[in-house]
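Step one of this worksheet: look at the structure below.
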Amino acid sequence: MAKYSIGIDYGTLSARALLLNIQTGEEVCVSEMAYPHGVMDECLPSGKRLGDSWALQDPQDYLDALQVTIGELLQKSGVSPEDIVGIGVDFTSCTILPTLADGTPLCKTEGFEDTPHAYVKLWKHHAAQYCADELNAKAEAMGEKWLALYGGKISSEWMIPKIMQILKEEPRVYNACDQILEAGDWVVWQLVGHQARSACNAGFKGIYRHDTGYPSKAFFRALDPRLENVVEDKLSTDIRPIDSCAGYLTKAMADWTGLKEGTPVAVEIMDSIASVPACQIDGPGKMLMIMGTSTCHEVLSAEERGVPGTCGIVKDGALPGSFCYEAGQSCVGDHFSWFVNRCLPSDYKEEAEQRGISPHVLLTEKASRLKPGESGLLALDWWNGVRSVLMDFDLSGLILGMTLRTKPEEIYRALIEATAFGTRQIIDAFETAGAPIHELYAAGGIASKNAMAMQIYADICNKPIKISGSDQSGALGSAILGIAAADPALTGYKNVNEAARKLGKIKDTVYHPMAGNVAIYAQLFAEYKKLHDYFGRGENNVMKKLRALRRQ
Ligand SMILES: Nc1ncnc2c1ncn2[C@@H]1O[C@H](COP(=O)(O)OP(=O)(O)O)[C@@H](O)[C@H]1O
Ligand SMILES: O=C(CO)[C@H](O)[C@H](O)COP(=O)(O)O
C-alpha cells in the first residue's frame, strides 16, 4: 500500500502544500492558497496606518491555509489520511509573533486588535534597523564571539532586533505576551498542541548557538535592563533538531484539516533551508540559491567559522552532520515585481494582456534580445535594503546610465543583472574566506520560470547552474522532513539523509557560462563593486540621509 507525506511551504504571499508518494517520489498534487490579508505594509485592516518599512501579517491566514490546502490535497488525490505518515512545515523567516501562554496570538485578544506590534512581523519588516544598529554596536563593544558567526552583523530582520522594537515602542505588548516565537514554530504548536521550537530558526535568526545557547543575561541587560530575562520570559531553551518529531496531530487539528489524529509532525524548518534536502545538496563546494521574492544562499561545510557577508551558520541546520551557512538578498523577485507593478507602461500591459502572458514573460522575451552591456545601464539591487555583505536596510536602490532612449526591457534586464551581481558578491565573500564554490544550484519560482535570468546568473557568476527537479522544492523538503518525523518501520527510511538522497531531485538542464558574456559582465561587475562600496561603505551616505528625511 502506497504511503505519503505532506510538506507545507509558507511563503511571503501564499502557502503551498504538496502530497508526496514516499516510495516513488511522485509529487501527487499541490495546492496553494494566497493569504487573504497578504502583506500589511501600509495599514491594518481597521485602516490604522503603519510606519515606514513595516510589514505585518495576520496569523489566522496561516491556519486557514492549512485547512484549505490540505483539504484540497485530500480531495484531489483521493488518498486516505490513514496513509499519510507525516507532515513537515517550512516558513519564511524571521517572521515572529507575540502570543499568550496557550498560543493565542496577542493580536486576537481584547484590547490588542488594533495594535500593530501585536501582529506577526514578517521577515521583511525592516523598521527595527535602529535596534539592530544598537545591538551590533553593543555586541562589538562587548566582544561577543557569536557576532562573527553572523557575518559580523545581526540583521534588523532577525528576532532580537524585532523584539527590541516591540519593547521600546509598545512595552504594553511586550509585557502582555507570554511568548514571542517564529510563525513556523507557532504553526507546529497549533498542529501538535505544545511548543517544539526549531534549532534551524533559533540558530539562524534567534542568536541561539548549539554549544553556548543564547547570548548571556549580561548582554541582554546591556541592551536594555528589561530584556535581562527575555529567554526565560518570552523564548524557550527547549530547542529541537530539525529531523525530529515535534509531536502528533491533535484532535482539533485533525478535524480542521481532515487528516488523522496522531499523524506525526516534524519540527519546523526555514523555507530556504527546506530546499537543501530537496535538491540533494549533500556537501561542500555547492551553493544552493532559493530564488523567489528574495534569494537565500545555502552552503554546507564540515567547519564552523565566520564568513563576512553570510547571515548565519547552524550546526545540523539543514541536514544532520554538516554546518549550514546562509547568506541572502532581500530583494530579488520583489525587485522585478516592483517594476512590473509600479512602472510598466500601458502599451506593454496591453500587449501582455492581448497575448495572454504575464508582464514578466513579455519583458523577459524582449530583454532576451539584448546583449550584455547593450542597455548602458547598471543598477544596485537594494530596493529592499541589503542583507548580505553590508547588512543595512537603510540603503536603497539605484539605476545608473538612463537616457531618453532607455526602454522598459532594458531596466528589467538591469534589475535582474543587479541581483546576479549581488549573488556574485556573496560567492566572492565565501571564496575569499577559503570556502570555494564549484557549482551553483537554483530553486524557487524564478529558477523554474525565467531561463534568461538563470543564464545571466551563470554568466555573471561564471559558474554552471543546475536547477531543482521540483517546482515546489520548499514543500518537497518539508515532506522529506515529514518522513523523518514518522516511524522508520513505516516509512522504510533510516533517517532524513537517506530520504533526501532518494527523494531530492535535480533537472538535467544545466546553464553553462558563455565566455563572451562572462568577459563583458566582469567589466560591469567591477563597476558594480565600486558603486557598492561608494554608496554602501560610508563614502557617500546620501541614501541614509534620504531615508532619514523621509522618516521626519
Ligand atoms: N517570469 C518571472 N521572471 C522573474 N520573476 C518572476 C517571474 N514570475 C514571477 N516572478 C517573481 O517571483 C516572485 C515569487 O517567487 P516564488 O518563489 O513563487 O514565491 P516566494 O518567494 O513567496 O516563495 C515574485 O516576486 C515575482 O515577482
Ligand atoms: O530569510 C529567509 C530564510 O532565511 C526568508 O524566509 C526569505 O528571505 C523570504 O523568503 P521568500 O523570498 O521565499 O518569501
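We use all heavy atoms of the structure for the numbers below, so side chains are in, but hydrogens, waters and symmetry mates are not. In each ligand, atom 1 is the first atom listed, and ligand 1 is the first ligand listed. Numbers here simply count residues along the sequence, with the first being 1.
- Within ligand 2, the atoms closer than 4.0 Å to a non-hydrogen atom of M270 are 4 (O), numbered from 1 in the order shown.
- The heavy atom nearest to atom 6 (O) of ligand 2, out of those in T295, I290, D271, D334, is found in D271.
- Considering both main-chain and side-chain atoms, K205 comes within under 3.5 Å of ligand 2 through a nitrogen or oxygen pair.
- Residue contacts with ligand 2 for T92 involve both N, CA, C or O and side-chain atoms from C-beta outward (heavy atoms, distance under 4.0 Å).
- Nearest to atom 25 (O) of ligand 1 among the protein's heavy atoms is G333 C, 3.0 Å.
- Without hydrogens or angle criteria, Y10 side chain to Y62 main chain gives a donor-acceptor distance under 3.5 Å.
- Of the polar atoms of E157, none of the N or O atoms is found under 3.5 Å from an N or O of ligand 2, judged by distance alone.
- With a 4.0 Å cut-off on non-hydrogen atoms, R387 touches ligand 2 through its side chain and not its backbone.
- Nearest protein heavy-atom neighbour of atom 20 (P) of ligand 1: T293 OG1, 3.4 Å.
- Using a non-hydrogen distance threshold of 4.0 Å, F204 does not register as a contact of ligand 2.
- At a heavy-atom distance under 4.0 Å, only side-chain atoms of E326, from C-beta outward, approach ligand 2.
- Proximity to C296 (heavy-atom distance under 4.0 Å) selects the following atoms of ligand 2: 1 (O), 2 (C), 3 (C), 4 (O), 7 (C), 8 (O).
- Residue contact annotation: S93 has a non-hydrogen atom under 4.0 Å from ligand 2.
- Under the 30°/60° scheme for interplanar angles, the aromatic rings of H126 and F393 are found to lie parallel.
- Atom NZ of K505 has more than 12 neighbouring heavy atoms from other residues, nucleotides or ligands inside a 6.0 Å radius.
- Atoms of ligand 2 lying under 4.0 Å from at least one heavy atom of S272, given by number and element, are 3 (C), 4 (O).
- For F339, no heavy-atom contact with ligand 1 is shorter than 4.0 Å.
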